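Following: one structure in structure tokens, then a few remarks.
Just so you know, these numbers come straight off a predicted model, no measurement behind them. Chain naming here is simple, since letters A, B, ... match the order of the sequence lines and numbering starts at 1 in each.
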Amino acid sequence: VGERLRLAEIRATALTVDEVLEAVAGPRAGGLAVFVGTVRDHDGSRPVRQLAYSAHPSAERVLHQVADRALSDPQVLAGAVLHRVGPLQVGDVAIVAAVACAHRVDAFAVCRRLVDDVKSQVPIWKHQVFADGTEEWVGAAT
Amino acid sequence: VGERLRLAEIRATALTVDEVLEAVAGPRAGGLAVFVGTVRDHDGSRPVRQLAYSAHPSAERVLHQVADRALSDPQVLAGAVLHRVGPLQVGDVAIVAAVACAHRVDAFAVCRRLVDDVKSQVPIWKHQVFADGTEEWVGAAT
Amino acid sequence: MSAGVVLRYWAAAKAAAGVAEESFTAGTLAELVDAAGARHGPSLPAVLARCSYLVDEVPVGTRAWASVWLPDGAVVEALPPFAGG
Amino acid sequence: MSAGVVLRYWAAAKAAAGVAEESFTAGTLAELVDAAGARHGPSLPAVLARCSYLVDEVPVGTRAWASVWLPDGAVVEALPPFAGG
């Protein structure tokens, strides 16, 4: 893990915000932006009953590369990101990302970019089962 | 507290991120942006030894008004903000703000606006004691 | 037309004035700020110049200080720039 | 010049193909995608069209599939659009 990137893991067990906060805490950090992505009970108008994430074997390695790049901004003091795989219920935490900087404007900007980059570049897929029993791989148009 | 604004307090005791996360949790929330402002060990280049916040008696009432306005964005599902007053040590949490929306881009945008508005509109002052013993009221140019 | 008013100082203003509040006779907010600055010497005027003011808990906002008439017995509060979070 | 290759399907591609991986004979990635689509009928072609590909763990990226020559014994992986977080 780079010295800025304190924690970057893909995990099949529950994620906590606390472990991410501890990973990026530090005396020089003034502003800490955190993003917590949770399973929603609907996708657009369709109620979701259950959701599962699956990951390619390279996912954690790619997550490290993506996070290192996003955190390469000189304003960044520390960053961390966790992503959950496996079956999740509504309200479960799917992703937690945190970025600490001296100032909040940088913390918000880098945290947003980190989450956007993880979503677009890390080989993770989302399978949703709707309340009416139909199901869908998000983004795969089937 | 408005139905979007779940928690808005000014407090002399330690703030926790957990209570803010719990206050804004909900089945419809997909993205939750959180800001944690902590006492830095430096201000610009000057090392800070100790810091204290003081508040005008109207501060909590103003905080409610400011938070209600910032959360009036229709995308917002829930929001919460806590601000600490009294003496703080380096690393202590001075402010925690959280905003939950269906989508992360809204959560980040509204959370940033909430923190900016609290800083500019809520009558709270910051007094810093530097490592060399000198002290300063932030922003008062004395 | 002057009024007996109380000026309450907060944060940096209180530090510069060396007192939490005190009485003045002044007709407008501008006169009050000048009087307080004169009474407490070098550093207070600079702070008062950067303050926002409440008159009986109502924010003065962007109104010109010379046009803010003070009622008798008014409580005026000097709030230095905010620095929360 | 055709090669014996293995095509591994992920997520929606695996669901549409009904199998995790299988062998093909194809000279380029374009030929391989066509062959796999033909073998597994209606829904797989649409998914494969939206996939990104790895050849022996190296991302194909934006190279044109018809210009991606497959070495003999290559393992090609079909990755549907990512949807993390």
Side-chain angles (χ1 to χ4, degrees), chain A residues 15-22 24-45 47-49 51 77-78 89-116 118-119 126 128 131 138, chain B residues 15-22 24-45 47-49 51 77-78 89-116 118-119 126 128 131 138:
Chain A
L15 310 183
T16 69
V17 176
D18 280 343
E19 62 186 311
V20 166
L21 293 180
E22 274 144 37
V24 297
R28 289 187 302 133
L32 169 59
V34 183
F35 178 73
V36 183
T38 49
V39 176
R40 285 202 309 274
D41 63 359
H42 65 284
D43 179 6
S45 59
V48 172
R49 193 173 61 212
L51 180 144
L77 296 168
Q89 298 307 321
V90 169
D92 280 356
V93 175
I95 183 171
V96 184
V99 174
C101 297
H103 302 292
R104 68 179 182 285
V105 61
D106 306 311
F108 274 117
V110 175
C111 188
R112 255 192 69 165
R113 197 165 49 232
L114 173 59
V115 176
D116 290 347
V118 168
K119 278 176 177 275
K126 182 155 80 171
Q128 285 183 139
V138 173
Chain B
L15 310 184
T16 69
V17 176
D18 279 342
E19 62 185 310
V20 165
L21 293 179
E22 273 144 39
V24 298
R28 290 188 302 131
L32 169 59
V34 182
F35 178 72
V36 183
T38 50
V39 175
R40 283 202 310 274
D41 63 359
H42 63 284
D43 179 7
S45 59
V48 172
R49 193 174 59 212
L51 180 143
L77 297 168
Q89 297 307 320
V90 169
D92 280 355
V93 176
I95 183 172
V96 184
V99 174
C101 297
H103 302 291
R104 69 178 183 286
V105 61
D106 308 310
F108 275 118
V110 176
C111 188
R112 256 192 69 165
R113 196 164 52 232
L114 172 58
V115 176
D116 290 347
V118 167
K119 278 178 177 272
K126 182 154 81 171
Q128 284 183 141
V138 173

Report task. For chain B, find its close neighbours in residues 15-22 of chain A: heavy-atom separation under 4.5 Å, sorted by number, or none. Result -> A:Val17, A:Asp18, A:Leu21
Requested in this report: Could you please state which residues from residues 95-104 of chain A sit under 4.5 angstrom from chain B, measuring non-hydrogen atom to non-hydrogen atom, sorted by number, or 'none'?
Outcome: A:Ala102, A:His103, A:Arg104
**Report entry** Parallel, tilted or perpendicular: ring planes of A:Phe108 versus B:Phe35, cut at 30 and 60 degrees
**Finding:** parallel
**Report entry** Region of B:Ala33 in contact with chain A, defined by heavy-atom distances below 4.5 Å
**Finding:** both
Requested in this report: Counting only heavy atoms closer than 4.5 Å, note whether B:Val48 contacts chain A via side chain, backbone, both or neither.
Outcome: neither
Requested in this report: Could you tell me whether a side-chain N or O of A:Arg40 sits under 3.5 Å from a main-chain N or O of B:Gly30, the two making a donor and an acceptor?
Outcome: no
Query raised in the report: What distance do B:Lys119 atom NZ and B:Lys126 atom NZ have between them, rounded to the nearest 0.5 Å?
Result: 5.5 Å
Query raised in the report: Considering only heavy atoms from C-beta outward, does the side chain of A:Leu32 approach that of A:Val24 to under 4.5 Å?
Result: yes
Query raised in the report: Do B:Gln89 and B:Val39 have side chains that get closer than 4.5 Å, going by heavy atoms?
Result: no
Query - Minimum heavy-atom distance B:Pro47-B:Ser45, with the two atoms named - result: CD-O, 3.4 Å
Query raised in the report: Considering only heavy atoms, which portion of A:Val90 lies under 4.5 Å from any heavy atom of chain B: side chain, backbone, both, or neither?
Result: side chain
